[in-house]
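Shown next, in structure tokens, is the structure this report addresses.
Lettering follows sequence order; numbering is per chain, from 1.
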Amino acid sequence: MNLHEMLENSLWGRNLSASELSRVLRECRERPVAAGHAIVRSGEPAEAWMGLITGFGKMSIGAPDGRETTLTSIAAGGWFGEGTLIKPGRSAIWQYDAVALRDCQIALLPRETFEYLRATSLPFNHYLQKLMSARMGQFIAQMSHDRLLNSTARVARCLASLFNPELYPEPKPFLDLRQAELAQLAGVSRQRANMALQKLAEAGLIELERRGVAVLDLAGLRAYLSAS
DNA sequence: GCATTAACACGTA
DNA sequence: TACGTGTTAATGC
């Protein structure tokens, strides 16, 4: 997968006119980010809309005491930063860190290009609405799960949320995801995530593998309740 | 009761 | 060796 392929296959790139697409292809930049390194840093000005060509990453926020929580993950084919980028002028400041969990190839669509598309392309605006709505829906679901479900169910829903096609264009049943990473995403300790995964495996919803999880029953994960 | 942190053993890339 | 996983013990609300 390279930048051009990614743009031409993306949900939004497909619907651009020939001249819009060629401008995007001309102005988009690429940058490799090694696993463990920052893609964007909280507090820095947002200069580009960010896409993941390859790799896997997370959006996270650190507390003053050093603890850290993951807000959501970012998979290949996904874009982020539109919410930050549409803030006016100098108030477009990253409100979170984005960190590469695996080696990543990042696409950077400059802010000016992003603004040009927003100003001229109705399909692009429709795409942005769908993306932002999907993101909002994900966070609403996350909040309600945090408040209403026990931690095993939260881990189940968390796994299921990684299969939203509007946010993660190419979902595969095998997730290359450490238990510690899933724990941060679900907001539980690694030990508790391990226990939850074993329960979900016993229930036949997933298969545990070293360094990852194979999802066997997505609908079952989405509907999982109780069994703490 | 349920979850957290710390610590340790074990197997593998 | 460093990392990922599975377990247990001590502790807190």
Side-chain angles (χ1 to χ4, degrees), chain A residues 1 31-42 52-78 80 95-106 138-164 167-168 170-218 220-228:
Chain A
M1 179 71 78
R31 177 192 300 159
V33 177
H37 288 72
I39 300 170
V40 307
R41 286 194 173 81
S42 177
L52 227 66
I53 301 168
T54 60
F56 186 66
K58 64 174 180 181
M59 268 182 208
S60 60
I61 292 196
D65 63 11
R67 287 173 308 139
E68 196 178 279
T69 189
T70 300
L71 304 175
T72 188
S73 58
I74 312 158
F80 70 93
Q95 302 293 309
Y96 46 80
D97 297 307
V99 181
L101 291 172
R102 310 283 173 269
D103 289 346
C104 287
Q105 190 67 13
I106 305 295
Q138 186 186 40
F139 286 128
I140 288 174
Q142 206 165 279
M143 178 177 280
S144 69
H145 296 158
D146 281 352
R147 294 184 174 182
L148 298 175
L149 300 178
N150 66 41
S151 34
T152 304
R154 291 214 304 280
V155 169
R157 306 304 181 98
C158 200
L159 284 170
S161 78
L162 297 174
F163 290 85
N164 180 340
L167 296 173
Y168 311 107
E170 304 161 45
K172 285 167 216 119
F174 176 77
L175 292 169
D176 173 25
L177 190 65
R178 308 295 168 272
Q179 294 186 1
E181 293 163 353
L182 177 62
Q184 285 219 314
L185 201 49
V188 300
S189 65
R190 179 186 67 79
Q191 293 88 329
R192 191 60 186 75
N194 177 264
M195 191 189 284
L197 286 168
Q198 291 184 42
K199 292 218 163 89
L200 298 175
E202 278 170 33
L205 302 176
I206 60 172
E207 197 165 16
L208 282 184
E209 296 179 33
R210 199 177 168 78
R211 312 168 69 103
V213 178
V215 172
L216 304 177
D217 181 355
L218 182 54
L221 286 177
R222 285 218 168 95
Y224 191 86
L225 284 172
S226 192
S228 69

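Contacts of A:Phe80 classified as ring pair (Phe, Tyr, Trp, His ring centres under 6.0 Å), with partners at least two apart in sequence or in another chain: none. In this view, A:Glu68 and A:Lys58 satisfy the side chain to side chain donor-acceptor pair (under 3.5 Å) rule, not counting sequence neighbours. Scanning for side chain to side chain donor-acceptor pair (under 3.5 Å) contacts around A:Asn194 gives A:Gln179, A:Gln198, with sequence neighbours left out.
Among pairs with a residue in residues 174-191 of chain A, those fulfilling salt bridge (charged side-chain N to carboxylate O under 4.0 Å, His left out) read A:Arg102-A:Asp176, A:Arg102-A:Glu181, A:Asp176-A:Arg178, at least two apart in sequence or across chains.
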Per-nucleotide protein contact string for nucleotides 3-13 of chain C, where B marks a base within reach and S marks sugar-phosphate only (heavy atoms under 4.0 Å, - for neither): BBBBBB-----
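One interatomic measurement links the two molecules: CG of A:Asp65 to P of B:dT5, which rounds to 11 Å at whole-angstrom precision. Distance, A:Arg102 CZ to B:dA13 C1': 14 Å, rounded to whole Å.
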Could you pull out every donor-acceptor pair under 3.5 Å between side chains of residues 201-214 of chain A and any protein atom, sequence neighbours left out?
none

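Residue A:Ser189 has no polar side-chain atom (N or O) positioned under 4.0 Å from OP1 or OP2 of B:dA3.
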